[in-house]
2 protein chains.
Amino acid sequence: MRNYAEDAKVFKALCDENRLRILEILRGGEKCACVLLSDLQISQSTLSYHMKILCDSGIVVSRPEGKWMHYAISKEGSLRAAQLLVELTALYGDGDSCSCCNA
Amino acid sequence: MRNYAEDAKVFKALCDENRLRILEILRGGEKCACVLLSDLQISQSTLSYHMKILCDSGIVVSRPEGKWMHYAISKEGSLRAAQLLVELTALYGDGDSCSCCNA
DNA sequence: CACTCACATCGATTTTTGTCAATATGTTTT
DNA sequence: AAAACATATTGACAAAAATCGATGTGAGTG
């Protein structure tokens, strides 16, 4: 039995344009919030909001260092997300048609 | 240069509980709308709305047959989605830290 | 210890998404 | 051609998500 709400959370992280932009930046390696903020046209509170969603999904991990926050793509989290996607769309059995209507 | 809106569309298809339930049903093979409708506690118009989103994402394909509509998971679409996820989270270069703050 | 700086949280607002009933469209059957 | 049926679309509304300014929190600095 699946927890659809939990599964959906992972993909919610990926369905906002700004969060995809953030990931694009993080693909180059770990970045601190100030870099992200200067690259995106959003306010500081909005960035914080998005980073929370990305971290909660497991795709991004954070590392506090003094008063700065560093963010990076999590290889494990990304892999889990990709595996989840594959699972959710994998056919099982022989996948024959239903015969409810066109019988 | 990426089209984030287009990329996001794929994942939007996966971030609603009802759409994940629909996919779970379709994993067993092609189904017509009436089967989906009877399995889910949603109205006919709501089902139609969700199917449109799933089809637009490429993850599901539809096949009209007379007055009935058959839906199935698209292997190609699913694969593209999984590849997209991998791309969007793939690190490039050596992925070293930024040195903007903690210099 | 007061001050500053970076980030998180809160409250309010706007935008987007999901939902349904009603209606339109298109197909089959009589 | 009309009736019946399956699905799509529309319009209205409710719920959720994104955004920002203001404020709170906690770490470094003078």
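Here is the naming used below: chain letters follow the sequence lines, and residue numbers restart at 1 for every chain.
Between B:Val10 and A:Phe11 there is no side-chain heavy-atom pair separated by less than 4.5 Å.
Here the P atom of nucleotide C:dT16 and the NZ atom of A:Lys12 are 17 Å apart, to the nearest Å. Spacing between atom NZ of B:Lys31 and atom P of D:dA6 amounts to 18 Å, rounded to whole angstrom units. We find that CD1 of B:Ile53 is positioned 14 Å from C1' of D:dA8, with the value rounded to whole Å. C:dT9 atom P lies 9 Å from atom CE of A:Met69, rounded to whole Å. Rounded to whole Å, the distance from NZ on B:Lys52 to P on C:dG18 is 14 Å. Atom C1' of nucleotide C:dA6 and atom CE of A:Met51 are separated by 14 Å, given to the nearest angstrom. Rounded to whole Å, the distance from CD on A:Glu17 to C1' on D:dT19 is 14 Å. Atom-to-atom, CH2 of A:Trp68 to C1' of D:dT25 comes out at 17 Å; the value is rounded to the nearest Å.
A donor-acceptor pair shorter than 3.5 Å can be found between the side chains of B:Thr46 and B:Ser43.
A:Glu24 and A:Arg21 are not joined by a salt bridge, as no carboxylate oxygen comes within less than 4.0 angstrom of a charged side-chain nitrogen. Under 4.0 Å is where a charged nitrogen must lie from a carboxylate oxygen, and between B:Lys9 and A:Glu17 no such pair does.
In terms of position on DNA chain D, the residue among B:Tyr71 and A:Ile42 whose nearest nucleotide sits closer to the 5' end is B:Tyr71. Between A:Lys67 and B:Lys67, it is A:Lys67 whose nearest contact on DNA chain C lies nearer the 5' terminus.
Residue A:Leu37 is classed as having no contact, given no heavy-atom separation below 4.0 Å to the nucleic acid.
Checking D:dT7, C:dC20, C:dC7 against the side-chain heavy atoms of B:Thr46 singles out C:dC20 as nearest. The side chain of B:Gln44 sits closest to D:dA8 out of C:dC7, C:dT19, D:dA8.
Between A:His50 and D:dA17 there is no side-chain N or O to OP1 or OP2 distance below 4.0 Å.
Contact of B:Ser45 with C:dA21 (side chain to base): a donor-acceptor pair of N or O atoms is detected under 3.5 Å.
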Problem - Evaluation steps, side-chain contact (heavy atoms from CB on, under 4.5 Å), between B:Leu14 and B:Arg19 - result: CA-CA 7 Å; B:Leu14 297 169; B:Arg19 290 195 288 272; over 6 Å; no
